[in-house]
Amino acid sequence: VVGVRPSADLLVSLMCRGIQANYTAAAEYWFDELFRNGIGFEADTLNVVISELAAREPAKVVGTWLRKAGAAGVEPDAATYIILVNAAADRGDMVAAEQWNETASAAGIGLTFDALVDA
């Protein structure tokens, strides 16, 4: 409907459905809509999307989404990096897991062993 502003929850749902259906281009469109519509969201909302994306896409793709979110003022938190490290490890990509851990450290977010094990 023209003139009706979508909610963050609706757009996140559409993004996750696109990712789950391996239609990342559609998910990225809805991700961009969050920013085009000036819809604010926090790291916990980002983490829902990143969790779906990291389970299916390589670290390079996920990194692009994180950079877009950061440019819009949504910074990843410890939970974001735990999701990324665990998703990479689940795929057997220990290089990406270590890179995500190093990225978290560079951002001033220390991931503890207990946090990684508990996630």
Side-chain angles (χ1 to χ4, degrees):
V1 178
V2 175
V4 175
R5 186 174 169 190
S7 70
D9 289 340
L10 172 64
L11 294 177
V12 167
S13 179
L14 290 169
M15 283 183 272
C16 289
R17 297 288 184 223
I19 293 165
Q20 291 165 355
N22 290 322
Y23 193 30
T24 308
E28 191 165 7
Y29 172 83
W30 295 116
F31 190 68
D32 292 341
E33 276 298 296
L34 279 170
F35 308 120
R36 278 193 289 271
N37 283 288
I39 298 170
F41 65 100
E42 301 294 326
D44 59 341
T45 301
L46 175 66
N47 291 343
V48 171
V49 177
I50 292 301
S51 180
E52 290 290 339
L53 191 65
R56 293 168 177 79
E57 296 291 337
K60 183 177 179 179
V61 172
V62 178
T64 299
W65 287 52
L66 286 178
R67 283 188 293 284
K68 283 185 180 183
V74 181
E75 294 299 326
D77 60 9
T80 309
Y81 289 109
I82 290 168
I83 290 165
L84 294 169
V85 169
N86 285 338
D90 287 348
R91 285 192 318 274
D93 187 350
M94 300 315 290
V95 170
E98 181 60 29
Q99 288 172 339
W100 286 124
N101 188 39
E102 290 172 5
T103 302
S105 292
I109 300 171
L111 303 181
T112 65
F113 179 75
D114 290 341
L116 293 170
V117 170
D118 291 342

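As a basis for the values below, the full set of heavy atoms in this structure was taken, side chains included, without hydrogen atoms, waters or symmetry mates. Along the sequence shown, residues are numbered consecutively beginning with 1.
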Practice item. Can you see which heavy atom on I109 is nearest to which on P76, and at what distance? Key: CD1-O, 3.7 Å
Review point. Which residues pass the salt bridge (charged side-chain N to carboxylate O under 4.0 Å, His left out) test with D32, sequence neighbours left out?
Key: K68
Check your understanding: Would you say the side-chain atoms of T103 pair up with the backbone N or O of Q99, donor to acceptor, closer than 3.5 Å?
Key -> yes
Practice item. Only counting residues at least two apart or in another chain, list the ones meeting side-chain hydrogen bond (donor to acceptor under 3.5 Å, both in side chains) with E33. Key: R36, N37
Exercise for review: For S51 and N47, indicate whether the former's side chain and the latter's backbone hold a donor-acceptor pair under 3.5 Å.
Suggested key: no
Check your understanding: How long is the span from the OH atom in Y81 to the CG atom in L111, to the nearest 0.5 Å?
Key -> 9.0 Å
Check your understanding: Between Y23 and V48, is there a shared hydrophobic cluster once you connect ILVMFWY residues whose side-chain heavy atoms come closer than 4.5 Å?
Key -> no
Practice item. Indicate yes or no: at least one non-hydrogen side-chain atom of D77 is less than 4.5 angstrom from one of T80. Key: yes
Review point. According to a 4.5 Å side-chain heavy-atom criterion applied to Ile, Leu, Val, Met, Phe, Trp and Tyr, with indirect links allowed, do V62 and M94 form part of one hydrophobic cluster?
Key: no
Practice item. Starting at CH2 of W100, measure out to CG of N86 and round the result to the nearest 0.5 Å. Key: 13.5 Å
Revision key, fill the gap. All heavy atoms of A54 vs all of L84, minimum pair found to be CB-CD2, 3.8 Å
Review point. Which atom names give the shortest non-hydrogen contact between A69 and F35, and what distance separates them?
Key: CA-CZ, 3.8 Å
Exercise for review: To the nearest 0.5 Å, tell me how far L66 CG sits from I50 CD1.
Suggested key: 4.5 Å
Exercise for review: Please list all pairs passing the side chain to side chain donor-acceptor pair (under 3.5 Å) test where one or both residues lie in residues 54-66, with sequence neighbours left out.
Suggested key: T24-E57, E52-R56, T64-R67
Point to revise | Nearest-0.5 Å distance that lies between atom CD1 in I19 and atom CZ in F31 | key: 9.0 Å
Revision key, fill the gap. Heavy-atom nearest pair, A97 first then A89, reads CB-N, 4.2 Å
**Study point:** S7 to L10 - nearest heavy-atom pair and separation
**Key:** OG-N, 3.1 Å
Exercise for review: Please round to the nearest 0.5 Å and tell me the distance separating atom CG of L34 and atom OG1 of T45.
Suggested key: 8.5 Å
Practice item. Take atom CD of Q20 as the centre, draw a 6.0 Å sphere, and report whether it contains more than 12 heavy atoms from other residues, nucleotides or ligands. Key: yes
